[in-house]
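Contents: one structure, followed by commentary.
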Protein chains: 2
Amino acid sequence: MRAYTHIMTNGPILSDCYCAALRTAARRSTAIYDEALVPVGINIAQFALMRKIARAGAPSLTELAAIADLDRSTIGRNVRVLERMGLVEIATGADQREATVTLAAAGHDTLRRALPLWQGAQDRIETALGGVSIDALRTLLGAL
Amino acid sequence: MRAYTHIMTNGPILSDCYCAALRTAARRSTAIYDEALVPVGINIAQFALMRKIARAGAPSLTELAAIADLDRSTIGRNVRVLERMGLVEIATGADQREATVTLAAAGHDTLRRALPLWQGAQDRIETALGGVSIDALRTLLGAL
DNA sequence: CGCCGATGCGGGCATATACCCATATCATGA
DNA sequence: TCATGATATGGGTATATGCCCGCATCGGCG
């Protein structure tokens, strides 16, 4: 009886399609985090990418793509946006084919100022979901 | 102790950021459904949108945006892509400001042929997640 | 009945994302 | 050392998505 079942939510109806539901959830949470990060001028995708860069040190675009589970070309473009914003620096590696990415000073600063804003969004989501759902989310994401 | 905890998955590491995790999950499932739908030439976003159009009958762009929980301008563009593909028709409503969308014959046909492919992807996801996670996903999405 | 705020869209602009092809650089075997 | 296959990017193309602004149409009030 799963077909054509719907879930009422704050907003409109969530589809019975798992994928559509996930996409909607991703869009909604993205909007929440993006708004929280407005004061520091970056969005959640950029925040997440910058954290990955910070953790990895000076990854190449290909390495970063693997870490972020994104297409390499996507990483290249996203990183260029951050470069234009002065938040990261792109340099040629020892292997001249490679482009290594590092956080610029402004990037570290932005990341530091963004952290509490991000944490605020995290807390809001956590409160909204409740502990049980949180664990479920983790399990679910791990399985996907 | 939630900060800086990670989950190992098939692929890379899933962030402790709920939003980043959801975005990753959405991308991954999108890829799965998109591949399943390749034979009929549409992607999961288009499939979902077409189903909403079919269910709504002849919604205006604004109505469709409300149903899909998407920005109106996004709906306008996505619908135009479907129109170029010959899958939907856009007409001016009684209110000349409104643009009403209906499935074209080819759209109904594509939707019909897509259904079993979509169901296959649904089943695969369901199997991968297991019943418990499924319910958790629904609960979670409802709360978001 | 005409003016004005409200409503519905389109288009401009920007990011995120993926796929494919061309180019540059490496690395390795002959 | 040199040709060749492998690897790292960049750029083209296309969809998805959101925000903002301008234009056209509606509707109701004076």
Side-chain angles (χ1 to χ4, degrees), chain A residues 11 19-20 22-35 37-38 41-50 52 58-66 68-85 87 90-101, chain B residues 19-20 22-35 37-38 41-50 52 58-66 68-85 87-88 90-101:
Chain A
C19 184
L22 275 172
R23 290 170 62 87
T24 297
R27 281 200 309 272
R28 288 183 186 172
S29 72
T30 294
I32 293 172
Y33 283 74
D34 278 357
E35 195 193 341
L37 292 174
V38 163
I42 59 175
N43 61 37
I44 184 61
Q46 295 169 330
F47 173 79
L49 183 56
M50 286 174 68
K52 288 182 168 63
S60 70
L61 294 184
T62 294
E63 288 166 351
L64 196 49
D69 194 26
L70 286 170
D71 189 86
R72 196 187 37 64
S73 69
T74 296
I75 287 292
R77 293 175 224 282
N78 293 0
V79 159
R80 242 174 295 160
V81 171
L82 292 176
E83 187 190 31
R84 269 209 311 281
M85 296 169 75
L87 301 177
I90 306 178
T92 301
D95 181 333
Q96 298 221 311
R97 292 171 300 181
E98 286 186 356
T100 60
V101 189
Chain B
C19 184
L22 274 173
R23 289 169 63 85
T24 298
R27 281 200 309 272
R28 288 183 185 172
S29 72
T30 293
I32 292 172
Y33 283 74
D34 278 358
E35 195 193 341
L37 292 174
V38 163
I42 60 176
N43 62 36
I44 184 60
Q46 296 169 331
F47 174 80
L49 184 55
M50 285 173 69
K52 287 182 170 64
S60 71
L61 295 184
T62 294
E63 288 166 350
L64 196 49
D69 194 25
L70 286 170
D71 189 87
R72 193 185 43 63
S73 69
T74 297
I75 287 293
R77 291 174 229 282
N78 294 1
V79 160
R80 241 173 295 158
V81 172
L82 292 176
E83 187 189 32
R84 269 209 309 280
M85 296 169 77
L87 302 176
V88 306
I90 307 178
T92 300
D95 181 333
Q96 297 222 311
R97 290 172 301 182
E98 286 185 355
T100 59
V101 189

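Chain letters run A, B, ... following the sequence lines, proteins first, then strands; residues in each count from 1.
Residue whose closest nucleotide on DNA chain C sits further toward the 5' end, between A:A94 and A:N78: A:N78.
When heavy atoms are screened at a 4.0 angstrom cut-off, A:T30 is found touching no nucleic acid atom at all. Across all strands, A:T74 comes closer than 4.0 Å to base atoms (heavy-atom distances).
The interatomic distance linking A:Q46 (CD) with D:dT17 (P) rounds to 19 Å, in whole Å. The distance between atom CD of B:E98 and atom C1' of C:dG8, rounded to the nearest whole Å, is 7 Å. Rounded to whole angstrom, the span from the CD1 atom of B:I75 across to the P atom of D:dG18 amounts to 9 Å. Atom C1' of nucleotide D:dT17 and atom CZ of B:R27 are separated by 15 Å, given to the nearest angstrom. Distance CD1 (B:I90) to C1' (C:dG10): 11 Å, rounded to an integer number of Å. The separation between B:E83 atom CD and D:dT15 atom C1' is 16 Å, rounded to whole Å. Taking atom CZ on A:F47 and atom C1' on C:dT15, their separation rounds to 18 Å, with Å as the unit. In this structure, B:K52 places its NZ atom 13 Å from P of D:dA16, rounding to the nearest Å.
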Any N/O pairs under 3.5 Å between the protein and nucleotides 20-25 of chain D? List them or say none.
from, atom 1, to, atom 2, distance (Å)
D:dT25, O2, B:R97, NH1, 3.2

Each nucleotide N or O in nucleotides 2-5 of chain C that has a protein N or O under 3.5 Å away: list the pair and distance.
none

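The distance from atom CD1 of A:I42 to atom CG of A:D34, rounded to the nearest 0.5 Å, is 9.5 Å.
By the side-chain contact (heavy atoms from CB on, under 4.5 Å) test, A:R97 is found to be paired with A:D95, residues two or more places apart in sequence or in another chain being considered. Take A:R27 and apply the side-chain hydrogen bond (donor to acceptor under 3.5 Å, both in side chains) test, not counting sequence neighbours, and it matches A:T24. With sequence neighbours left out, A:E35 forms a side-chain contact (heavy atoms from CB on, under 4.5 Å) with no residue at all. With sequence neighbours excluded, no residue forms a side-chain hydrogen bond (donor to acceptor under 3.5 Å, both in side chains) with B:S60.
Taking only side-chain nitrogens and oxygens, A:R84 comes nearer than 4.0 Å to OP1 or OP2 of C:dT15. Between B:N43 and D:dT15 there is no side-chain polar atom (N or O) within less than 4.0 angstrom of OP1 or OP2.
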Run the numbers on A:V79 and A:L64 for side-chain contact (heavy atoms from CB on, under 4.5 Å), then give the verdict.
CA-CA 10 Å; A:V79 159; A:L64 196 49; 3.9 Å; yes

